[in-house]
Amino acid sequence: MRSKSVRRPGRVAVIGVGIVGASVGWNLSRHGADVVFIDAGQPGEGVTNWSFSWVNASNKTARRSYFDLNVAGMAAHRELAGIIGPDSWWYPSGHLRWADTPAAEAKFLETAELLAAWGYRVERYTGAEVRSRLEPSLTMPDETPVVFYADEAWVHGRHLVGRLVDQALAAGAVIRSGNAVCGIDTGADGGIRAVALADGSRLDVDIVVNAAGPSASQVAGLVARHLPMRREPGVVTRIDCAQVPIHRVMHAPHVEIRPDGGASVVLHSREIDALIDTGEDPGQLARLLHELAHHAVPELGNSRITQTSVVNRPIPADGFPSVGAVPSVPGYYEAVSHSGITLGPVIGRLLASEILSGQRDELLADFRPERFSS
């Protein structure tokens, strides 16, 4: 942001302090804005802590503009690691993908060809080469085709949120955690005037950033704004190992696996997510995830399930982010997106710039909130 184009926007309430809200607030604070973070829980403990936390654009090919935004998100993570330091949160170790059926194999290889044509870095190996060069603990046939996306990464979301919030507080921001927003007051012109909190307090503010994740539609409703959201619950399990046998994110057949720092490994599966609404209890879902992971990485058979959570993903109805100003409510902005781990830093930078300068970035052109009618 050029200093001559930056204006002081008054007091900004950032509602929701996951990776997206923390990134917006950090970017605003470092450019002199008066920021108050508000979260019904604790920073980074919601969906951010229960995301698979994979930084990528290889799974974002439904629309070229969405792919481009995610590529920018990957670059923003690298830039952020250079600014605040990478320790404890940034793990740029790449991503492996393979399959165990001809149909699934053909699908991911077709996607890899498309990505390569779009200039994305794609490397291809056999199962034997992967075990020899990258992940000796995997089990797969020697001739299995494996795609390696070397520029992808994983993030420890809770640690990153903590780092961003701490730096924002040092720059003058304040935080009200464990306190939900229950009302948003507007003036005669429809513009933002204040937020009311569950503890009965009221904060005078000029701008609200709705980064409330799964609760974003409820927050939008406080300004009579209709933000349609999908209901797509997901289950994530953490397991502890005596020694973590893998080094990077991987999409093995039927299960996603990644390290989580220390002795922990994170597991997720879209196939297991599909069982959430069939009445399976979280403990059983965790055991199914553990079994799938054991097939791909036999050493995980001796690991212990430690934590499991089912959360609702923050996905606007059409599957794409809703980021930017809502013209019908002056001072109200949205920062709501699935893939918040990948997109948090770039959304934070672009939205803070829009708030401070009034300039709308073309990267967000397809993802403006006004596409949803009020």
Side-chain angles (χ1 to χ4, degrees), residues 9 12-25 28 36-41 46-48 50-51 60 62-63 65-66 69-70 73 179-187 189-198 205-234 311-344 346-348 350-352 354-355 360-361 363-374:
V12 183
V14 178
I15 302 174
V17 196
I19 181 58
V20 176
S23 297
V24 175
L28 287 168
V36 53
F37 291 109
I38 304 171
D39 198 285
V47 175
T48 291
W50 293 103
S51 164
K60 315 296 174 56
R63 183 185 291 181
S65 60
Y66 188 50
L69 182 63
N70 279 270
N179 212 340
V181 172
C182 59
I184 299 177
D185 298 339
T186 55
D189 63 350
I192 298 297
R193 292 292 178 269
V195 294
L197 303 185
V205 298
D206 304 283
I207 289 172
V208 160
V209 176
N210 180 358
S215 300
S217 61
Q218 291 97 308
V219 171
L222 298 176
V223 294
R225 150 82 172 158
H226 176 60
L227 174 59
M229 302 281 284
R230 291 184 182 178
R231 182 185 179 277
E232 287 196 16
V311 297
N312 286 318
R313 301 184 181 93
I315 310 178
D318 61 3
F320 296 106
S322 180
V323 183
V326 174
S328 61
V329 188
Y332 170 80
Y333 295 78
E334 286 177 353
V336 184
S337 181
H338 186 36
S339 299
I341 289 291
T342 297
L343 294 177
V346 71
I347 287 175
L350 296 178
L351 187 56
E354 181 175 330
I355 291 168
R360 293 157 58 113
D361 196 286
L363 267 175
L364 295 175
D366 284 350
F367 312 110
R368 291 284 166 189
E370 53 259 45
R371 72 184 188 275
F372 299 115
S373 60
S374 297

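Quick note: residue numbers are just sequence positions, from 1.
The two atoms that bring R193 and T186 nearest to each other are CG-C, 3.8 Å, heavy atoms only. Listed here is the closest heavy atom pair of I19 and I341: CG2-N, 4.0 Å. Contact detail for P369 and V326: the closest heavy-atom pair is CB-CG2, 3.7 Å. The shortest non-hydrogen separation linking G190 to P330 is O-CD, 3.7 Å. Nearest heavy-atom pair across R371 and D318 is NE-OD2, 2.7 Å. Here the closest non-hydrogen pair linking P316 and S322 is CG-N, 4.0 Å.
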| request: Let me see the working for H338 and R230 under side chain to side chain contact (heavy atoms under 4.5 Å, CB included), right down to the final yes or no. | output: CA-CA 10 Å; H338 186 36; R230 291 184 182 178; over 6 Å; no
| request: With side chain to side chain contact (heavy atoms under 4.5 Å, CB included) as the test, would you mind laying out the steps for L343 and V20 before giving the verdict? | output: CA-CA 8 Å; L343 294 177; V20 176; over 6 Å; no
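Interatomic distance, T342 OG1 to L69 CG, rounded to the nearest 0.5 Å: 10.0 Å. Rounding to the nearest 0.5 Å gives a distance of 9.5 Å between CZ of R313 and OG of S339. Separating the CG atom in D185 from the CG atom in L222 is a distance of 10.0 Å, to the nearest 0.5 Å. How far CG of N312 is from CZ of R231: 5.5 Å, rounded to the nearest 0.5 Å. With values rounded to the nearest 0.5 angstrom, F367 atom CZ is found 11.0 Å from L350 atom CG. One distance of note links CG of L28 with CD1 of I355; it measures 5.0 Å at 0.5 Å rounding.
Checking side-chain atoms of E370 against main-chain N and O of P327 turns up no donor-acceptor pair under 3.5 Å.
Contact annotation: the side chain of S328 never approaches that of R225 to less than 4.5 Å [non-hydrogen atoms, C-beta and beyond]. Residues V205 and V12 form no side-chain contact, since every pair of their non-hydrogen atoms from C-beta on lies 4.5 Å or further apart.
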Determine all donor-acceptor pairs shorter than 3.5 Å in which one atom belongs to a side chain in residues 207-220; sequence neighbours excluded.
| residue | atom | partner | partner atom | Å |
| --- | --- | --- | --- | --- |
| N210 | OD1 | A212 | N | 3.2 |
| N210 | ND2 | A216 | O | 2.9 |
| N210 | ND2 | Y332 | OH | 3.0 |

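Ring geometry for F320 versus Y66: interplanar angle over 60°, hence perpendicular rather than tilted (30 to 60°).
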